[in-house]
Amino acid sequence: MPELPEVEVLVRHLRPLLRGKRIRAVTVHRKKVIRPDSPRRLRRVLTGATFQGVQRRGKYLLFQLQRRGGHPPVLLTGHLGMSGRMFLNRNPAPLPKHAAVVLDLGRERFIYEDPRYFGRLSLKVEAVKRLGPEPLSRKFTPAVFAAALTDSRRAIKICLLDQNLVAGIGNIYASEALHRARINPCCPAGGLTVRQRHTLWRAMRAVLTEAIRFGSTVPLHHGPGGRSQGRLFYYGLRTETPRYYRECLQVYDRAGQPCRRCRTPIERLVQAGRSTYFCPQCQR
DNA sequence: CACCATGTTCCTTG
DNA sequence: CCAAGGAACATGGT
């Protein structure tokens, strides 16, 4: 589930659904996902609080909550890890197998479920404060991006995954952006020309913006008739094509398949223990 | 059984 | 100090 576009689409989906809803009860099924908070503290802070807004910062969801009794507002932060999902359910309905935290909202409930439990739902904000600039914000200019890459001898793909350099890029969109910019993922970041940095800056923003427009890689549910027929719905937004956006990716998870631009087989390599996909022809 | 997976943190080594 | 590499976390898919 988890890169900037997936989180952005989820936030847009949740925002109107949560606004004004009051938390009646908090159930923590997996303590590790609320670390370093305790279930008791989370219950004490959240019970009775009302959702005011939902924002995104990098891959984090930020839930702004208004408390009663003159207490200051509180910020609940969420991260989906590798496999997390957040959604609303009608209240008396079966919980998913890996429900980690459930917020009782009265007639509905908010469910954070995560089979691998790598994600977080907590009151901790330190990691959010350390994040680099938002790649789609106006403050993220080509100059800001170029400056962040100077003097770095790390491979450019590794830099794109560094959340303190730019917030929100993950393994899928790092490969996609580099292919779009026609830059080899192994290039030392500090060795890129000014022109290449500008091209990559534009490619990153284009790839992220397009993914958001298409509803990102993860469908929330299918239209009437299920998977076999009807349209796919991505967090409530109808897609522009009757296909998974995942199938529109240029290189990610396409090792051995022809590059959509030049037909050369896509290659896979491992950087920092993670797969990188690229076209050896288009990307020098 | 093997290997892979949209992420982050911590630890060790150079 | 920086960089790179590996392990850990925990479960599911192929």
Side-chain angles (χ1 to χ4, degrees), chain A residues 1-11 29-36 56-61 77-86 96-101 112-122 124-132 135 148-179 185-191 204 207-208 210-212 214-220 227 234-235 244-256 268-277:
Chain A
M1 225 342 275
E3 291 183 42
L4 186 154
E6 286 73 25
V7 178
E8 178 63 26
V9 172
L10 175 58
V11 161
H29 295 271
R30 279 278 181 153
K31 280 191 242 180
K32 78 159 281 202
V33 306
I34 65 167
R35 277 185 324 187
R56 180 192 57 74
R57 180 80 173 86
K59 301 173 194 175
Y60 287 82
L61 298 100
T77 67
H79 195 294
L80 299 168
M82 292 278 267
S83 54
R85 286 161 45 89
M86 293 180 184
K97 183 176 175 186
H98 298 291
V101 179
Y112 162 43
E113 68 117 355
D114 189 348
R116 294 172 75 175
Y117 304 108
F118 286 179
R120 285 286 190 284
L121 191 65
S122 79
K124 203 182 114 167
V125 295
E126 282 70 38
V128 177
K129 287 188 195 160
R130 282 195 297 269
L131 291 173
L149 299 181
T150 48
D151 301 337
S152 176
R153 280 169 296 284
R154 302 152 84 195
I156 185 60
K157 159 76 174 340
I158 307 304
C159 286
L160 294 186
L161 294 182
D162 183 346
Q163 301 301 299
N164 302 328
L165 198 151
V166 188
I169 314 280
N171 213 32
I172 292 178
Y173 299 107
S175 283
E176 293 296 311
L178 287 166
H179 179 264
C186 299
C187 285
M204 284 167 44
V207 161
L208 296 172
E210 183 187 271
I212 293 168
F214 276 76
S216 84
T217 57
V218 185
L220 182 65
R227 174 182 277 264
Y234 290 73
Y235 290 100
Y244 288 103
Y245 176 71
R246 181 79 182 244
E247 294 170 14
C248 302
L249 298 179
Q250 300 293 302
V251 288
Y252 183 80
D253 202 20
R254 295 194 67 239
R268 169 185 181 270
L269 61 85
V270 174
Q271 292 176 288
R274 314 195 63 197
S275 295
T276 300
Y277 300 87

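Just so it is clear, the structure is predicted and the values come from calculations on it, not from any experiment. Side chains included, hydrogens not; waters and symmetry mates left out as well; all remaining heavy atoms used. Labels below follow one simple rule: chain letters A, B, ... track the order of the sequence lines, proteins then strands, and each chain is numbered from 1.
Closest of all the heavy-atom pairs between A:Asp162 and A:Asn164 is OD1-N, 2.9 Å. Considering every non-hydrogen atom in both A:Cys159 and A:Ser152, the closest pair reads SG-OG, 3.6 Å.
The environment of A:Lys32 atom NZ is dense: over 12 non-hydrogen atoms of other residues, nucleotides or ligands sit within 6.0 angstrom.
A straight line from CG of A:Asp162 to P of C:dA4 spans 11 Å, rounded to a whole angstrom. Summarising the geometry, the separation between CZ on A:Arg120 and P on C:dC9 is reported as 13 Å, rounded to the nearest angstrom. Across the protein-nucleic acid pair, A:Tyr252 atom OH and B:dC4 atom P stand 12 Å apart, rounded to whole Å. When the P atom of C:dA10 is taken as reference, atom CG of A:Leu80 falls 18 Å away, rounded to whole Å. Protein atom CG of A:Asn171 is 13 Å distant from nucleotide atom P of B:dC4, rounded to whole Å. For A:His79 and B:dG7, the NE2 to P distance is 8 Å, given to the nearest whole Å. The separation between A:Asp114 atom CG and C:dG12 atom C1' is 12 Å, rounded to whole Å. Atom CG of A:Leu161 is separated from atom P of C:dA3 by 15 Å (rounded to the nearest Å).
The partner of C:dA8 is B:dT8, by the rule that a Watson-Crick or G-U pair needs both atom distances under 3.5 Å. In this structure C:dC2 sits in a base pair with B:dG14, meeting the Watson-Crick or G-U test at under 3.5 Å.
A:Gly170 comes within 4.0 angstrom of the backbone, heavy atoms only, and of no base. If you check every strand for non-hydrogen atoms under 4.0 Å, A:Arg154 touches sugar and phosphate atoms only. Within the 4.0 angstrom heavy-atom criterion, base atoms lie near A:Arg274. Within the nucleic acid shown, A:Phe118 comes within 4.0 Å of at least one base atom, counting heavy atoms only. No engagement by A:Arg35 is indicated, since no non-hydrogen atom pair under 4.0 Å with the nucleic acid exists.
Atom name C1', nucleotides C:dA4 and B:dA5: the rounded distance is 22 Å, in whole Å. Spacing of P atoms, C:dA3 relative to B:dT6, comes out at 23 Å, to the nearest Å. When the C1' atom is compared between C:dC1 and B:dT8, the two are found 22 Å apart, to the nearest whole Å.
Comparing A:Arg116 and A:Tyr60, the nucleotide of DNA chain B nearest to each residue sits closer to the 5' end for A:Arg116. Nearer the 5' end of DNA chain C, as judged by each residue's closest nucleotide, is the contact made by A:Lys32, out of A:His98 and A:Lys32. Nucleotides of DNA chain C nearest to A:Lys97 and A:Ser152 differ in position, and the one nearer the 5' end is that of A:Ser152.
Proximity note for A:Lys59 (side chain, C-beta onward) versus B:dT8, B:dT6, B:dT9: the nearest is B:dT8. With B:dT9, B:dT6, B:dC4 as the candidates, the nucleotide lying closest to the side chain of A:Arg268 is B:dC4.
Salt bridge A:Arg30/A:Asp114: absent, no basic N to carboxylate O contact under 4.0 Å.
Within the structure, a side-chain polar atom (N or O) of A:Arg30 is placed less than 4.0 Å from OP1 or OP2 of C:dT11. At B:dG7, none of the side-chain N or O atoms of A:Ser83 fall inside 4.0 Å of OP1 or OP2 (strictly under the cut-off). Within the structure, every side-chain polar atom (N or O) of A:Tyr117 is placed at least 4.0 Å from both OP1 and OP2 of C:dG12.
Using modelled atom types and a 3.5 Å distance limit, the side chains of A:Glu6 and A:Tyr173 yield a donor-acceptor pair. Under 3.5 Å, the side chains of A:Ser275 and A:Arg268 contain a donor-acceptor pair of N or O atoms.
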